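One structure follows; several queries about it will come next.
The figures here come from the full heavy-atom set of this structure, side chains too, leaving out hydrogens, waters and symmetry mates. Treat the numbers as computed from the prediction; the structure is a model and nothing was measured.
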Amino acid sequence: MNQNVSARQVGMFAIISLFALKLLFLPSFLFEDSNNYSIFEFAVLICVDIIFLFLILKVKQKYPDKTFFSLIVKIFGNFFSKIIFIALTLFFMIKFLYLGAESYNYLRDALLDEANIVLFLVCFLPVVNVLAWNGIKGLFRTNEFFFVILLVCFILCIWFSFGTTTEPLFFDFGEFKVDRFLNSTLSRFMWFGDFLFVAIILDKLPAKKKDHRKIFAYAVLGVIFLLFFMFAFLRLFQNTSFLHSNAISEITQFNGEFAHVGKIEIISIGFIMFTVFFQGALFIFCGKECATNIVNNPLGCQTFICTVPVVTSIFIVPGVLGASQILYWSSMFLSPVLFVFFTIFFLITLLKKNKKLKERPS
């Protein structure tokens with residue numbers, strides 16, 4: 001079955017992949033680390049993602065018929081490439097499990113204080129597994145169908161925040177501490193790196209430069225939306241921003257003009273759950289693609305990768321808060337290592353002559 005996707009579909013998913021957990025806990029964590037300078041920290045991290053996407057698209061232009069995995073094998077050989085694929089599989093599975101754990105924490109706080117974790121898993125796991133099982137084209141088409149609705153919900157949430165406060169548009173930044181800023185940037189790196197999925201589906205991307213420009217434009221638009229959201233959040237909550245961990249829900253709930261409307265926060269809750277479904281399915285799909293290149297058994301890997309999150313979640317969720325911390329620290333170490341490694345890899349790939357790359361045995 002043809003699994004190629006259009007530039008529009010990739011661009012739309014690039015925007016959705018930027019949202020998910022970044023609209024929940026990250027704004028308050030960044031403020032706790034860097035106060036009002038957190039918006040600049042957010043901008044630095046998101047710009048790193050954009051540069052990473054730029055390199056991936058350049059690699060696609062240079063090697064339009066190559067897969068991401070074949071490029072790794074040709075440069076590092078079979079043995080070391082297996083190690084890289086194992087690290088990638090672990091990375092996507094850790095990200096998936098952390099996404100599930102934090103989504104449950106969010107829903108429990110925002111919707112039902114006594115929500116049962118089993119009920120959450122019954123709703124969450126089948127959806128993401130079906131989306132992942134159907135392949136990247138089915139996942140992207142589903143996202144394309146809901147994209148406009150999700151974007152409208154997101155814009156409404158930001159609009160609500162500006163209707164709740166008379167605070168000035170700008171705020172006092174206070175003293176800037178370089179060491180605190182850099183330490184916070186490194187420790188929050190695991191929340192980013194969402195465009196790595198574009199590398200995983202490198203061979204399924206359109207090859208034309210105009211399509212790459214379209215993908216990049218969508219990604220930049222998503223970055224602008226995120227920065228605008230971060231600004232709205234900090235403007236609304238000011239010095240108490242660190243107390244508001246469920247960012248997108250709380251900027252909706254703190255709306256004085258619409259306080260008489262019952263359950264208006266359902267807009268933000270629905271938005272987050274759909275983005276979490278899509279992001280979770282993407283993590284499973286990417287993990288499956290990496291695992292397939294380890295053992296060369298597509299059907300077995302698809303079954304394995306769709307089963308592992310289910311089984312692991314059942315063991316993790318009884319101590320979901322502790323599990324979130326373990327997964328966070330694991331990903332915090334793995335994310336910057338993989339980012340640096342693949343940035344260097346893409347640069348080497350771009351600088352290497354096509355002829356030399358083709359002469360290496362696969």
Once rounded to the nearest 0.5 Å, what's the spacing between atom CD1 of Ile200 and atom CD1 of Ile56?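 That separation rounds to 8.5 Å.
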Minimum-distance pair of heavy atoms, taken over all atoms of Ala7 and Ile215: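 Scanning both residues, the minimum pair turns out to be O-CG1, 3.6 Å.
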Could you list the residues that satisfy ring pair (Phe, Tyr, Trp, His ring centres under 6.0 Å) with Phe341, not counting sequence neighbours?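 Phe76.
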For this output row, return yes or no: ring centroids of Phe197 and Phe92 closer than 6.0 angstrom.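 Aromatic pair excluded; centres sit 6.0 Å or further apart.
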Side-chain donor or acceptor of Lys137 paired with backbone N/O of Val5 under 3.5 Å: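 Answer holds: no.
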Sidechain-backbone polar pair: Tyr218 side chain, Arg213 backbone, donor-acceptor under 3.5 Å: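 Side chain of Tyr218 to backbone of Arg213, a donor-acceptor pair under 3.5 Å: no, none is there.
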Tell me the closest heavy-atom pair linking Ser81 and Val73, and the distance in Å.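 Closest approach of Ser81 to Val73, heavy atoms only: OG-CG2, 3.7 Å.
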Using modelled atom types and a 3.5 Å cut-off, is there a donor and acceptor pairing between side-chain atoms of Lys62 and backbone atoms of Leu350?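 Side chain of Lys62 to backbone of Leu350: a pair is present.
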Considering non-hydrogen atoms only, spot the tightest contact between Asn4 and Asp203 and give its length.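 Shortest heavy-atom separation between Asn4 and Asp203 comes out as OD1-O, 3.9 Å.
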Side chains of Phe195 and Ile50: closer than 4.5 Å at any heavy-atom pair?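 The answer is yes, as the side chains (C-beta and beyond) meet within the 4.5 Å cut-off.
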Do you know the tightest heavy-atom contact between Leu150 and Phe278?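 For Leu150 and Phe278, the tightest heavy-atom pair comes out as CD1-CE1, 3.9 Å.
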Looking at Lys60 and His212, would you say the former's side chain and the latter's main chain have a donor-acceptor pair under 3.5 Å?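 No, the answer is negative, given that no donor and acceptor are paired below the 3.5 Å cut-off.
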4.5 Å side-chain heavy-atom contact, Val130 and Val127: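 No - every pair of side-chain heavy atoms lies 4.5 Å or more apart.
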Between Val340 and Leu55, is there a shared hydrophobic cluster once you connect ILVMFWY residues whose side-chain heavy atoms come closer than 4.5 Å?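 Hydrophobic grouping puts Val340 with Leu55.
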Set out, in order, the CA-CA distance, both residues' side-chain angles and the distance that settles side-chain contact (heavy atoms from CB on, under 4.5 Å) for Phe69 and Glu289, then state yes or no. CA-CA 9 Å; Phe69 303 103; Glu289 290 291 294; 4.1 Å; yes
Name the orientation class of the two ring planes belonging to Phe274 and Phe146 (parallel below 30°, tilted from 30 to 60°, perpendicular beyond 60°).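 Ring orientation of Phe274 relative to Phe146: tilted.
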Looking at every non-hydrogen atom in both residues, tell me the closest pair between Phe283 and Met93 and how far apart they are.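 Nearest heavy atoms, Phe283 then Met93: O-CE, 3.7 Å.
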Side chains of Leu202 and Thr67, heavy atoms from C-beta outward: is any pair under 4.5 Å?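 Side-chain contact under 4.5 Å: no.
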Would you indicate whether the side-chain heavy atoms of Arg8 and Ser6 approach each other to under 4.5 Å?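 They are in side-chain contact.
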Could you go step by step and tell me if Val223 and Leu227 meet the side-chain contact (heavy atoms from CB on, under 4.5 Å) rule? CA-CA 6 Å; Val223 168; Leu227 290 174; 4.0 Å; yes
Which word best sums up how the rings of Phe68 and Phe342 line up, parallel for under 30°, tilted for 30 to 60°, or perpendicular for over 60°?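 Taking Phe342 first and then Phe68, their aromatic rings sit tilted (interplane angle of 30° to 60°).
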From Leu53 CG over to Lys58 NZ, what is the distance, rounded to the nearest 0.5 angstrom?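 Reported to 0.5 Å precision, the distance equals 12.0 Å.
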Could you go step by step and tell me if Phe52 and Phe346 meet the ring-ring contact (aromatic ring centres under 6.0 Å, His included) rule? CA-CA 9 Å; Phe52 193 66; Phe346 288 134; 5.6 Å; yes
Would a single hydrophobic cluster contain both Ile51 and Ile46, if residues Ile, Leu, Val, Met, Phe, Trp and Tyr are joined by side-chain heavy-atom contacts under 4.5 Å?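 No.
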In Å, rounded to the nearest 0.5 Å, how long is the span from NZ of Lys95 to OG of Ser335?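 Result: 5.0 Å between the selected atoms.
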side-chain hydrogen bond (donor to acceptor under 3.5 Å, both in side chains) involving Ser103 - partner list, sequence neighbours excluded: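 Here no residue qualifies.
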Rounded to the nearest 0.5 Å, how far apart are CD1 of Ile201 and CZ of Phe13?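 So the CD1 of Ile201 and the CZ of Phe13 are separated by 9.0 Å.
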More than 12 foreign heavy atoms under 6.0 Å from CZ of Phe339: is that the case here?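 Count over threshold, so yes.
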With clusters defined by side-chain heavy atoms of hydrophobic residues (ILVMFWY) lying less than 4.5 Å apart, directly or transitively, does Phe228 cluster with Phe154?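 As far as the 4.5 Å side-chain criterion goes, Phe228 and Phe154 are connected within one cluster.
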Is there a path from Ile158 to Ile155 through hydrophobic residues (I, L, V, M, F, W, Y) whose side chains come within less than 4.5 Å of each other?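 Both belong to a single hydrophobic cluster.
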For residues 9-29, which residue pairs pass the salt bridge (Lys or Arg N to Asp or Glu O under 4.0 Å) check, not counting sequence neighbours?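 Counting only pairs at least two positions apart or across chains, the salt bridge (Lys or Arg N to Asp or Glu O under 4.0 Å) contacts touching residues 9-29 are Lys22-Asp194.
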Could you give me the CA-CA distance, side-chain angles and deciding distance for Thr142 and Phe277, then say whether side-chain contact (heavy atoms from CB on, under 4.5 Å) is met? CA-CA 11 Å; Thr142 307; Phe277 285 147; over 6 Å; no
Answer whether the closest heavy-atom distance between the side chains of Leu205 and Val10 falls below 4.5 Å.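 The answer is yes; the side chains approach within 4.5 Å.
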Are the side chains of Leu88 and Leu196 in touch, meaning some heavy atoms are under 4.5 Å apart?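 Yes, their side chains come closer than 4.5 Å.
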Close side-chain approach of Phe91 to Cys290, heavy-atom, < 4.5 Å: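 In short, these two side chains do not touch, never coming nearer than 4.5 Å.
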Please report whether the ring centroid of Tyr104 lies less than 6.0 Å from that of Phe124.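 Not under 6.0 Å, so no.
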Does the side chain of Ile15 reach to within under 4.5 Å of the side chain of Phe147, using non-hydrogen atoms?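 Yes - at least one pair of side-chain heavy atoms lies under 4.5 Å apart.
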Set out, in order, the CA-CA distance, both residues' side-chain angles and the distance that settles side-chain contact (heavy atoms from CB on, under 4.5 Å) for Leu282 and Leu131, then state yes or no. CA-CA 8 Å; Leu282 182 66; Leu131 287 172; over 6 Å; no
Give, for atom CG of Asn293 and atom OG1 of Thr89, the distance between the pair rounded to the nearest 0.5 Å.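 Rounded to the nearest 0.5 Å, the CG-OG1 separation comes out at 8.5 Å.
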Closest approach of Ile284 to Ala132 (non-hydrogen atoms, all atoms of both residues):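 In this case the closest contact between Ile284 and Ala132 is CG2-CB, 3.6 Å.
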Just by distance, do the side chain of Asn129 and the backbone of Leu125 share a donor-acceptor pair under 3.5 Å?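 Side chain of Asn129 to backbone of Leu125, a donor-acceptor pair under 3.5 Å: yes, one is there.
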What's the spacing between Ile136 CD1 and Asn143 CG if we round to 0.5 Å?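 One finds 10.0 Å between CD1 of Ile136 and CG of Asn143.
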Taking Lys66's backbone N and O only, do any of them form a donor-acceptor pair with Ser70's side chain (distance below 3.5 Å, no angle check)?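 No; judged by distance alone, with no hydrogens or angles, the pair does not exist.
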